[in-house]
Structure formats: C-alpha cells, structure tokens
Protein chains: 2
Amino acid sequence: MIGQDPAPELPVAAHADRGRPALPAPRPDRHERARHAQAQALLEDYTELIDDLIAATGEARITDIAAHLGVTHPTATKAVARLRREGLAQSRPYRGVFLTDSGQRMAARARARHRTVVDVLVALGVPVEAAESDAEGIEHHVSDSTLAAFARFLDRRG
Amino acid sequence: MIGQDPAPELPVAAHADRGRPALPAPRPDRHERARHAQAQALLEDYTELIDDLIAATGEARITDIAAHLGVTHPTATKAVARLRREGLAQSRPYRGVFLTDSGQRMAARARARHRTVVDVLVALGVPVEAAESDAEGIEHHVSDSTLAAFARFLDRRG
DNA sequence: ACACGAGTGTAGCCAAGGCTACATTTCACG
DNA sequence: CGTGAAATGTAGCCTTGGCTACACTCGTGT
Ligand SMILES: [Mn+2]
Ligand SMILES: [Mn+2]
Ligand SMILES: [Mn+2]
Ligand SMILES: [Mn+2]
C-alpha cells in the first residue's frame, strides 16, 4: 500500500464515474497523423534545401547543407544516409549530394507548399519574418486538402 | 560546368563557384525554431489532454491518456515522467495525473491556440475533419505573433 | 610538387519517444 | 471478505536525430 497520510498536497483521483464515455471521443488517429507528418519533415526540408543549393550554386555540399539547417556536419551526413536509404538521394564520398527523381519530386512539392503556406500567413496579416519562420514548421502538417483550400483562398482574394 | 565525362550515372559536384554566397542566405535559425517548437509539442498535447480529461471526468488516468494519444501505456507513463521533471504535472503510483499551475497555464494556452488554428483553417475553407487533423500538428508551430494575426483575422471577418 | 587547411567521413555518446513483455497493485464483484 | 481482471509500473529494446572528437582526403596556393 502506498500510504494515505493526512494528505500533504497531492490529490487522489476520485475514480468517480468510471463507466462513462470520458471525453467527446478519443481521436488517437489525429495525433498519429501528426507524428507521421513530423517523421517526414526532415526528409522534406533536406530535399528542398539540396534542390535549392544545386539550383543556386550547382552543387550541394554537406557543409553547406549543415550550415543552412543549423546542425553540425555529422548530423547532415547521417540525414543524407537516410535520404539514400529512402531512395531520395545519391552521393559518393567527398562528392556532394544529388537528388533522385523521387527526391526531386519531393523537393518540388515541398517548395510549392512552403511558398503557399507563407503566402497564406502573410495574407492573413502575419509579419513576413514570423511567416517565414513559422512556415518552416507548419508546412509539414498541411495536408493536400488544406493545401488546396489555401490555394483557393489565395486565388479568390487575388 | 559540371562533370563532363561519358557519365556512368553518379555526377560529381563541380566545386565550381566556391567563393560565392551560395543561397539568398543561410537561415539556420528558422529550422532551429521549428525543432524547438517540435520539442514542446509533446508537452503541450499532454497538458491539454490531461486538463480535458480532468474537466470531463474528474481524473486523468494513464490508460485514458494513452488511448487518446494513440500510444501504449508505457509511452504515456514515460511522457508523464517528463512532465513531472519539467514541473508541469504531479502524480503518484496508481493515483492518476494532475497538472501544476504551470501545467494548467500551458494547457490553457494550448487549448486556446488549438481552437484558433482550427477556426482559421475552417474560415479559409478547409473541411472540418482536415482542419481538426492538421491543426493537431500545425498548432505547435504557431508563434504568438502569428496567433495574434489569426485572432485579428477571425475578429475582422466576424 | 606538395603541404596544409578546409571539407568530409566515422566512431561513439546521449536523450526522446516509440514498442513488447512481464511484474505488481487496485478495486469491483461474487 | 477474497480474488481475479484491469490498470499501472518497470525493464529493456529500437530508431531517430542531435552532439563531440578524431581520422582522413582533397585541392589550393605557394
Ligand atoms: Mn520545414
Ligand atoms: Mn520549407
Ligand atoms: Mn497537437
Ligand atoms: Mn491540440
């Protein structure tokens, strides 16, 4: 037994109404979707950045990738290994990183979605700096359905 | 110019223009902020849910928490241990979980922000189901500045 | 030519957040 | 009361994504 002293602080759950529906309803699926989206986030950011770097400078070096993402180079190396494992990138030692077709498609979608999210935020009155910053996290949780609604909204309001 | 051999697949980064500014500019801070927000996400979801459970049923049991979040009970137990470590919750074995003042403040802010995010999405034309689902991830990346803009937007369009 | 510094690779550590399997405690009910 | 099923705790495993420290390569500049 635990010890039910003249209670110093900590309350004890009342085991009150145990057989009731608890809350409106458990929605574990929503949290599961959010966790899945988060697992994709890293891949999306890397592919988008690698594509940007190649477009801007002709190459994507580990050091540059790391610098842009604010991580150390071994972290970037490990992430690139995961990109390769998932068939999104190719690379050879000391030779830079390249995207596969699949990786380029992911990059293209990520970039478009990123831009749409920023545009929507700005249209709603969010300061540009905050919009750019928040979008970096928000984008990964915007479903196709939501993205479509965003596009319609931007279109509608010119 | 890139590697101009009879290319057997893998290209080689050209070490072309090394002394250039690479991209518009590295913005590692944005990704760092997104990572920090993500680290807070779990705490926010747990405090919000615990507060909901207590409000609805008078108690927050590990099993119910786990069920609502779609994880197994040892996972929830571990998370509650972290909540305790961070001063957000209190608990005793077999006795349910309670929020500290700090935890309740986090829960209140999380709930309000969650609602605002859903409302904005719906106002933009996102189907309610998608809005609820996406909001579960998006909410954690909405800064105070963005939240304020959201509130103004909802207010304005009454 | 070649040396040296910048870039990259690799080893190994850590914490978070999942999981399964098993031990223990409660409490509702016969 | 006593007891067994449900709830909870605990141990230990895994992967991801950070990090530091150190080893190795490359190519630039003298
Ligand atoms: Mn991002
Ligand atoms: Mn992005
Ligand atoms: Mn959430
Ligand atoms: Mn929420």
Side-chain angles (χ1 to χ4, degrees), chain A residues 1-4 12-20 22 28 31-46 53 57 59-86 89 91-97 137 140, chain B residues 3 12-19 22 28 31-46 53 57 59-86 88-89 91-98 137 140:
Chain A
M1 58 229 43
I2 300 302
Q4 45 279 72
V12 167
H15 280 229
D17 22 37
R18 216 49 180 306
R20 308 245 214 91
H31 293 276
E32 282 161 7
R33 274 200 62 244
R35 285 196 294 272
H36 178 260
Q38 192 54 38
Q40 292 286 117
L42 180 136
L43 300 177
E44 293 169 350
D45 282 338
Y46 271 83
L53 284 168
T57 75
E59 57 180 355
R61 316 291 302 218
I62 286 288
T63 298
D64 296 330
I65 295 171
H68 280 268
L69 293 178
V71 297
T72 58
H73 84 267
T75 296
T77 300
K78 221 181 255 188
V80 167
R82 186 177 160 206
L83 291 183
R84 298 186 49 163
R85 235 187 307 138
E86 312 239 353
S91 70
R92 279 189 337 205
Y94 300 96
R95 246 59 204 185
V97 184
H140 309 288
Chain B
V12 168
H15 282 230
D17 21 38
R18 217 48 180 307
H31 293 277
E32 281 161 8
R33 275 201 60 245
R35 285 196 296 271
H36 178 261
Q38 191 54 37
Q40 292 285 117
L42 180 135
L43 301 177
E44 293 170 349
D45 282 339
Y46 271 83
L53 284 168
T57 74
E59 55 179 358
R61 314 292 305 221
I62 285 289
T63 299
D64 295 330
I65 296 171
H68 280 269
L69 293 178
V71 297
T72 59
H73 84 267
T75 296
T77 299
K78 219 180 255 189
V80 167
R82 186 177 159 204
L83 291 183
R84 298 186 50 164
R85 234 186 307 138
E86 311 238 354
L88 295 166
S91 71
R92 280 189 336 205
Y94 299 96
R95 244 64 210 187
V97 183
F98 304 88
H140 309 287

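Fair warning: this is a prediction, and the values are worked out from it, not measured in the lab. Sequence lines set the chain letters: A, B, ... in the order given, protein chains first and strands last, and positions in each chain run from 1.
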- Task: Respond yes when some side-chain nitrogen or oxygen of Thr72(A) is under 4.0 Å from OP1 or OP2 of dC19(D), and no when none is.
- Result: yes

- Item | Contact summary for Ala67(B) and Pro28(A), nearest pair of heavy atoms | O-CB, 3.4 Å

- Task: Could you state the atom-to-atom distance from CZ of Arg95(B) to P of dG9(D) in whole Å?
- Result: 11 Å

- Query: Near DNA chain C, under 4.0 Å by heavy atom, which residues of residues 73-84 of chain A?
  - Reply: His73(A), Pro74(A), Thr77(A), Lys78(A)

- Note on the structure: To the nearest 10 degrees, the angle between the two end axes of the helix from dA1(C)-dT30(D) to dG30(C)-dC1(D) (five pairs per end) comes to 0°

- Taking every heavy atom of Ala76(A) against every heavy atom of Ala66(A), the minimum-distance pair comes out as CB-CB, 3.9 Å

- Note on the structure: Separation of dC19(D) atom P from Glu32(B) atom CD, nearest Å, is 9 Å

- Message: Does a side-chain N or O of Thr63(A) approach OP1 or OP2 of dG7(C) to a distance below 4.0 Å, or not?
- Response: no

- Pairwise distance NE2(His31(B)) to CG(Leu69(A)) - rounded to 0.5 angstrom: 5.0 Å

- Euclidean distance, atom CD1 of residue Ile62(A) to atom P of dT10(C) [Å, nearest integer]: 11 Å

- Rounded distance in Å - CG (Leu43(B)) to P (dA16(C)): 10 Å

- Query: Taking all atoms of both residues into account, what is the closest heavy-atom pair of His140(A) and Ala37(A), and its distance?
  - Reply: O-CB, 3.3 Å

- Query: Minimum heavy-atom separation for Tyr46(A) to Ala79(A), with atom names?
  - Reply: CZ-CB, 3.3 Å

- Query: How many angstroms lie between CZ in Arg92(B) and CZ in Arg84(B), if you round to the nearest 0.5 Å?
  - Reply: 10.0 Å

- Residues Ser91(A) and Gly96(A): closest non-hydrogen pair is CB-O, 3.5 Å

- Item | Length of the CZ-C1' vector between Arg35(B) and dT16(D), whole Å | 13 Å

- Message: Expressed as a whole number of angstroms, how long is the span from Tyr94(A):OH to dA23(D):P?
- Response: 13 Å

- Please give, in whole Å, the distance from dG17(C) P to His140(B) NE2? 12 Å

- Query: Where is the tightest heavy-atom contact between Ala39(A) and Arg82(A), given as atom of each residue plus distance?
  - Reply: O-NH2, 3.1 Å

- Could you tell me the separation between the CG atom of Leu69(B) and the C1' atom of dC19(C), rounded to a whole number of Å? 16 Å

- Identify, between Glu86(A) and Pro93(A), the residue whose nearest nucleotide on DNA chain D lies closer to the 5' end. Glu86(A)

- Query: In this structure, which one of Leu53(B), Thr75(B), Asp45(B) forms a side-chain contact (heavy atoms from CB on, under 4.5 Å) with Ile65(B)?
  - Reply: Leu53(B)

- Message: With a cut-off of less than 4.0 Å, is there a side-chain N or O of Arg85(B) near OP1 or OP2 of dA16(C)?
- Response: yes

